[in-house]
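Here's the structure we're looking at; comments come further down.
Naming convention: chains lettered A, B, ... in sequence-line order (proteins, then strands); numbering from 1 in each chain.
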Protein chains: 2
Amino acid sequence: MADSVVLDTVDLQLLGLLQNDARTTYRDLAAQVGVAPSTCLDRVTRLRRSGVILGHRLQLDPAKLGRGLQALLLVQVRPHRRELVGPFVERIRALSEALTVFHLTGPDDYLVHVAVADMADLQRLVLDEFTARREVARVETRLIFQQWECGPLLPPSPSAQSE
Amino acid sequence: MADSVVLDTVDLQLLGLLQNDARTTYRDLAAQVGVAPSTCLDRVTRLRRSGVILGHRLQLDPAKLGRGLQALLLVQVRPHRRELVGPFVERIRALSEALTVFHLTGPDDYLVHVAVADMADLQRLVLDEFTARREVARVETRLIFQQWECGPLLPPSPSAQSE
DNA sequence: AGTGAAACACATACGTC
DNA sequence: GACGTATGTGTTTCACT
């Protein structure tokens, strides 16, 4: 189920194009890939059903929404036990400031990517939602100067694997 | 230009719905928000032009593409000067394994989110693309157990700001 | 599995309030 | 600024290959 899927050249071209603009029409996709629009629909539907395509997400500008400051919070949760970390993650995910939560190996158990209005807002968030919680042993705050999304995600070069 | 934008309840509802599924039709949006489809089009076009909506991106499952292992790399670039960090970031962005690059405050200059096939692939990536570069002083690798995307991004609760 | 044409739904522009 | 309608365009189905 979590195994990789066999993708041919057409699938890869479609994914590449759709990663640039997920709203490209099947008609345009067809023209660029060299197959019929109905074939594109078939392929994309299959990619969707096989779980390669998880969804179409809107990319927003946090600054335009009044969240001009972003930061990464490195968090130690002690003790690091299921009974504590489950509710911790759910609580953090529910914060309107949280964008992504990572559960990591290494000295910090979680990394939380947040978008806030300003420094005062960040301070409030850290003090009220993180260090105020008993299971949070330590929070390290790193501000984000700038961030870049990288090129289209593609399979490793030695090419595709088993279904 | 990077200032926040005035958003009313309708805009916020539309953004909320579209963040769940960016392909929701204007007809469906209209039904759920309680306005006419043409009004939805107007609103979304405006959100797009004002820069709140940056684009529509496909969300893929890296595991299904043969990239079952993800990691965060904390990188120190020394000396941390424009002439070195510009090309460094461009080189990293061009890697097919890279998903996102952050420029940070704190002891580590960059955080790079990568998706690789397996441990051997990760080791190769770190050795060949990071520590092999002269300007990279240190790389710390943290594996990702699990990751969660958080709820829709919304403006801070005290409500909207100036245009 | 891919195609082309036909049926349908949707996006979009515009006149009206 | 929101609405309803008209129209062209895109999506989706299906019989055929």
Pull out every protein N or O sitting under 3.5 Å from an N or O of nucleotides 3-5 of chain C, one pair per line with the distance.
residue	atom	partner	partner atom	Å
C/dT3	OP2	A/Ala36	N	2.9
C/dT3	OP2	A/Thr39	OG1	2.6
C/dG4	O6	A/Ser38	OG	3.0

inquiry  = So, OP1 or OP2 of C/dT12: does either fall under 4.0 Å of a side-chain N or O from B/Arg48?
reply    = no

message = Tell me whether the side-chain N/O atoms of B/Arg46 come closer than 4.0 Å to OP1 or OP2 in D/dG1.
response = no

query = Should side-chain heavy atoms under 4.5 Å link Ile, Leu, Val, Met, Phe, Trp and Tyr, which residues sit in the same cluster as A/Leu73?
reply = A/Leu69, A/Val75, A/Val77, A/Val85, A/Phe88, A/Val89, A/Ile92, A/Leu95, A/Val101, A/Tyr110, A/Val112, A/Val114, A/Val116, A/Met119, A/Leu122, A/Leu125, A/Val126, A/Phe130, A/Val136, A/Val139, A/Leu143, B/Trp148

Under 3.5 Å, which donor-acceptor pairs do the side chains of residues 39-46 of chain A form with other protein atoms, sequence neighbours left out?
residue	atom	partner	partner atom	Å
A/Arg43	NH1	A/Asp8	OD1	2.9
A/Arg43	NH1	A/Asp8	OD2	3.0
A/Arg43	NH1	A/Asp11	OD1	3.0
A/Arg43	NH1	A/Asp11	OD2	3.2
A/Arg43	NH2	A/Asp8	OD2	2.8
A/Thr45	OG1	A/Leu41	O	2.7

request  = Spell out, as yes or no, whether a donor-acceptor pair under 3.5 Å connects the side chain of A/Arg67 to the backbone of B/Leu154.
outcome  = yes

request  = Grab the CG-P distance between A/Leu47 and C/dA1 for me, whole Å please.
outcome  = 13 Å

Within residues 19-28 of chain A, residues whose heavy atoms come under 4.0 Å of DNA chain D = A/Thr25, A/Tyr26, A/Arg27

ask   = Please give, in whole Å, the distance from C/dA11 P to B/Arg43 CZ?
value = 18 Å

request  = Count the heavy atoms belonging to other residues, nucleotides or ligands that lie under 6.0 Å from CZ of A/Arg91, then report whether that count exceeds 12.
outcome  = no

key: Non-hydrogen atoms of A/Pro62 and A/Gln70 that approach each other most closely   = CG-OE1, 3.8 Å

B/Leu41 CG - C/dA13 P separation (whole Å) = 7 Å

key: Residues clustering with A/Leu74 (ILVMFWY side chains joined when closer than 4.5 Å, directly or via others)   = A/Leu72, A/Phe102, A/Leu104, A/Leu111, A/Ile144, B/Leu72, B/Leu74, B/Phe102, B/Leu104, B/Leu111, B/Ile144

key: Close side-chain approach of A/Ile53 to B/Lys64, heavy-atom, < 4.5 Å   = no

message = What is the distance, to the nearest angstrom, from the CZ atom on A/Arg49 to the P atom on C/dA1?
response = 11 Å

query = Can you name the side chain to side chain contact (heavy atoms under 4.5 Å, CB included) partners of B/Glu149, sequence neighbours left out?
reply = A/Arg57, A/Thr100, B/Gln59, B/Gln147

